[in-house]
Amino acid sequence: MSDFDTKRDGVRCEIIETGEVFNSLQACADRLGVSARWLNRVSQGKGLYSVHGYHIKRSDIKPSVNRGGRPGVKVRCVETGEVYNSITSCAEAIGGTPSRIHDIIHGSKYRHTHHGLHFEIYKK
């Protein structure tokens, strides 16, 4: 056991760059000279990615497979009849801008077409 191991068995964690394994977040925080709270936020991926350049991996948190956000709004091109899974995928397919397609489908009084196409929210 290293000098930084604590007597308690907490959340096991590892410094990815060095391969050092600790029996608690507090022990790892002591090794890096930071607060356990900061280290905990980094290890959970809450807006912070590293502690003094080190990345921390916890043994109790499994990486999430689904990194996607909420489901997109399905959009239909009136002229072609093609249905897209989201405003962004529609914009990529036509080489357009998502914000302009959003304005069209939500009834902007200044915008009715984008790249000469009309769009609407697709409802099954």
Side-chain angles (χ1 to χ4, degrees):
M1 295 183 80
S2 73
D3 296 336
F4 296 102
D5 285 333
T6 58
K7 293 180 181 179
R8 64 181 172 171
D9 286 327
V11 176
R12 293 182 58 83
C13 63
E14 174 184 355
I15 300 175
I16 295 173
E17 287 78 11
T18 64
E20 293 178 83
V21 178
F22 299 91
N23 66 343
S24 70
L25 288 173
Q26 184 63 55
C28 186
D30 291 345
R31 159 67 173 80
L32 295 174
V34 299
S35 71
R37 184 173 185 207
W38 180 18
L39 190 90
N40 183 43
R41 290 181 57 83
V42 169
S43 68
Q44 291 178 353
K46 293 189 175 178
L48 304 169
Y49 300 105
S50 67
V51 176
H52 296 305
Y54 294 110
H55 297 86
I56 310 301
K57 180 174 75 172
R58 292 171 60 141
S59 62
D60 65 335
I61 296 179
K62 302 298 180 211
S64 175
V65 174
N66 183 7
R67 289 277 183 189
R70 65 175 178 78
V73 175
K74 290 193 183 258
V75 177
R76 184 176 79 87
C77 177
V78 175
E79 285 77 13
T80 64
E82 191 167 352
V83 177
Y84 301 95
N85 288 328
S86 67
I87 293 173
T88 304
S89 65
C90 176
E92 289 171 356
I94 67 163
T97 309
S99 61
R100 292 190 178 171
I101 295 171
H102 175 275
D103 290 347
I104 294 166
I105 65 173
H106 290 290
S108 169
K109 64 181 181 179
Y110 301 110
R111 189 172 309 283
H112 303 288
T113 65
H114 186 46
H115 288 279
L117 300 170
H118 295 85
F119 300 95
E120 65 185 9
I121 295 175
Y122 177 72
K123 299 174 185 160
K124 286 185 178 181

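- Here CD1 of I15 is found 5.0 Å from CZ of R31. Values are rounded to the nearest 0.5 Å.
- If you chain together ILVMFWY residues whose side-chain heavy atoms come under 4.5 Å of each other, Y84 ends up grouped with V73, V75, I87, I94, I101, I104, I105, L117, F119, I121.
- T80 places a side-chain N or O within 3.5 Å of a backbone atom of E82 that can act as its donor or acceptor partner.
- Rounded to the nearest 0.5 angstrom, R58 CZ and E14 CD are separated by 14.0 Å.
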For this session: Dump the intermediate steps for side-chain hydrogen bond (donor to acceptor under 3.5 Å, both in side chains) on Q26 and S24, then the final yes or no.
Result: CA-CA 5 Å; Q26 184 63 55; S24 70; over 6 Å; no

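- Sequence neighbours left out, the pairs with a member in residues 86-109 that pass ring-ring contact (aromatic ring centres under 6.0 Å, His included) are H102-H106.
- In this structure a side-chain-to-backbone donor-acceptor pair under 3.5 Å is missing from T97 to S99.
- Taking the salt bridge (charged side-chain N to carboxylate O under 4.0 Å, His left out) definition, one finds that E120 meets it with R76, sequence neighbours left out.
- Put simply, CZ on F22 and CD1 on I56 are 8.0 Å apart, with the number rounded to the nearest 0.5 Å.
- Between L39 atom CG and L32 atom CG the span is 6.5 Å, to the nearest 0.5 Å.
- Here OH of Y54 is found 13.0 Å from CD1 of I16. Values are rounded to the nearest 0.5 Å.
- Atoms SG and NZ, on C90 and K74 in that order, are 12.5 Å from each other to the nearest 0.5 Å.
- Tested against S43 for a side chain to side chain contact (heavy atoms under 4.5 Å, CB included), the candidates V51, L25, V11 yield a single pass: L25.
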